[in-house]
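Presented below is the structure to which this report refers.
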Protein chains: 2
Amino acid sequence: MKKQGEAKEGAKRGRGRPRGATEQGLETRQHLYETSLRLIAARGFDETTLRDIAQEAGVSVGLLYRYFPSKRAIVLALYEELSARYAEAAVKMGVGPWRERFLFALRTSLEVLGPHREPLTALVPVLVGGKEEGLFSPGTAFSRLRVQGAFVDAALGATDAPGGTTGPALGRVLYMVHLAVVLWWLLDKSPRQRATDGLIRLLERLLLPASLALKVPGAGAFVRTADALFRQGLLGEPAAPGDAGEEPAS
Amino acid sequence: MKKQGEAKEGAKRGRGRPRGATEQGLETRQHLYETSLRLIAARGFDETTLRDIAQEAGVSVGLLYRYFPSKRAIVLALYEELSARYAEAAVKMGVGPWRERFLFALRTSLEVLGPHREPLTALVPVLVGGKEEGLFSPGTAFSRLRVQGAFVDAALGATDAPGGTTGPALGRVLYMVHLAVVLWWLLDKSPRQRATDGLIRLLERLLLPASLALKVPGAGAFVRTADALFRQGLLGEPAAPGDAGEEPAS
DNA sequence: TATTTTAAGTGAACGCGTTCACTTTATTTA
DNA sequence: TAAATAAAGTGAACGCGTTCACTTAAAATA
């Protein structure tokens, strides 16, 4: 059953060094991926060792590192898969004000991630911004931007979308709120994570006054300031002139 | 210079098994504590190995585990020391409305933690609630309650303190907001963590309308619901009857 | 087909945090 | 003072994620 042709596309494979370049390689990668997630989902992340995975998959430990740069990267691959699936699901957003579209986007996200909570909890240290890996580093920028795009769309395509640069800024702020909810959900110790439902209901109640407040003059600046802060604090982007957080030249 | 008397107090030392029971033990513990933090502050947490610390302190690796149950516990001891210092500093809170008292408590906290940011970043995974250790586990309950107490006081002693059970609930919610800001500060990648200043200014702007909103009927229930959610989600406490997050009996 | 090149795969070894059986030193009891 | 007890201190060893020098197998080139 093992074919062995097609090595056309050649150089441009990009990123790391030697990944699955041949068909057999891709098959192995998929096999390791599935085996890993199956064990992690069953036993938990810390309780599953790479030696366990290698043995279960019938390969040597070293081979895992040909396909995944670290143990956590396996779960990160799951997140990337889910974020692609999420992007598909999020296009079905209906017309309406941004707060309703945001809630739809948020609920959809939790529905997609829902069945894989156990493995995903291993990403908390990553979500929360470890050194070089993690959601806010260049490596995973693609996934982040894809999901963030759904929230920017939710804001821009709304019946009450704010104009100018406030629209995209609102979208990015909503994406951050969404990330906070996901983090909460991952940490939620209540049975069946019911406290997350409560949190979303709370958010819902907050969102109506917030959307009214956004119509008063000056509120747009507030949103843009928040957006700028997130980019400076989490992404380490330099402060643009006029952004909050600058010190006045003394 | 080494005295060796006084083993009076005997049994009740509590917690773990064999800690510094003799004077020499306490000296050694302090020595290891200071050496560890000096190295960690200089090189970073991950870059400082226990073998480094042991060598620098002139002891064996194993000895570290007589005084600290884990590497992170060393930094946790620092946090406990700082939280005690914070509790002292926070009593100097002036009279005024709760939003001003809260901002004072928040700023004081960041001032106390400020000089030790580098070691404290190692606590992010802990803050964010790893398994058994961490801020929301019984082991560190004492520090948590001490700091939380300052925020509850800030609410209860305010000129506009809400009555009934809403007062303490507001205090606990403000403590959670404070924790979120501290987490943000630890993750803040901007130069000199300037984005944190911006975040606090944003909070400031939000707090005035919030304190007005708290006066309308029903807002107290909102605060109590938020408080209940935090306790269920983060602490895993059971939902009390009447709390949000319960499912209606079907 | 024989030869070279590249990808797939191995398993021992490393450095880390942590544990443990053990020795040394101090304190209490006889 | 001598024996018994408990705390202080040691260093080898363990299990983990990760790395590396290496072998095997497949594809490209001759």
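Chain naming here is simple, since letters A, B, ... match the order of the sequence lines and numbering starts at 1 in each.
One can place CG of B:Asp46 at 17 Å from P of C:dG15, the figure rounded to the nearest angstrom. Here the P atom of nucleotide C:dC16 and the CZ atom of B:Phe45 are 13 Å apart, to the nearest Å. When the P atom of D:dG15 is taken as reference, atom CD of A:Glu47 falls 16 Å away, rounded to whole Å. If you measure from atom CG of A:Leu26 to atom P of D:dA26, you get 16 Å, rounded to the nearest angstrom. Put simply, NZ on A:Lys71 is 15 Å from P on D:dG15, counting in whole angstrom units.
Partners of A:Arg117 by salt bridge (charged side-chain N to carboxylate O under 4.0 Å, His left out), not counting sequence neighbours: none found. With sequence neighbours left out, B:Arg144 forms a salt bridge (charged side-chain N to carboxylate O under 4.0 Å, His left out) with no residue at all. Under the rule for a ring-ring contact (aromatic ring centres under 6.0 Å, His included), the partners of A:Phe230 that lie at least two apart in sequence or sit in another chain are B:Trp184. For A:Ala77, the side-chain contact (heavy atoms from CB on, under 4.5 Å) partners are A:Arg29, A:Tyr33, A:Phe68, not counting sequence neighbours. Evaluation of the side-chain hydrogen bond (donor to acceptor under 3.5 Å, both in side chains) rule for A:Glu111 yields no partner, not counting sequence neighbours. Applying the ring-ring contact (aromatic ring centres under 6.0 Å, His included) test to A:His178 and every residue at least two apart in sequence or in another chain returns A:Phe151, A:Tyr175. A:Arg146 pairs by the salt bridge (charged side-chain N to carboxylate O under 4.0 Å, His left out) definition with nothing, not counting sequence neighbours. Residues satisfying the side-chain hydrogen bond (donor to acceptor under 3.5 Å, both in side chains) criterion with A:Ser190, sequence neighbours excluded, are A:Asp188. For B:Arg51, the salt bridge (charged side-chain N to carboxylate O under 4.0 Å, His left out) test picks out no residue, with sequence neighbours left out.
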Sub-3.5 Å pairs of nitrogen or oxygen atoms, protein against nucleotides 10-12 of chain D:
residue : atom : partner : partner atom : Å
D:dT10  : OP2  : B:Ser60 : N            : 2.9
D:dT10  : OP2  : B:Ser60 : OG           : 3.3

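Comment: B:Asp227 engages B:Arg231 in a salt bridge, judged by a side-chain N to carboxylate O separation of less than 4.0 angstrom.
Residue A:Glu88 comes nearest to A:Val91 through the heavy atom pair O-CG2, 2.9 Å, listed as atom of the first residue, atom of the second, then distance.
When the side-chain nitrogen and oxygen atoms of B:Thr28 are compared with OP1 and OP2 of D:dG9, one or more of them lie within a distance under 4.0 Å. Of the side-chain N and O atoms in B:Gln24, one or more sit less than 4.0 angstrom from OP1 or OP2 of D:dG9. For B:Tyr65 and D:dG9, the shortest distance from a side-chain N or O to OP1 or OP2 is not below 4.0 Å.
Residues of residues 48-56 of chain B having a heavy atom closer than 4.0 Å to DNA chain C, listed by number: B:Thr48, B:Thr49, B:Leu50, B:Arg51. Against DNA chain D, the stretch residues 30-43 of chain A makes no heavy-atom approach under 4.0 Å.
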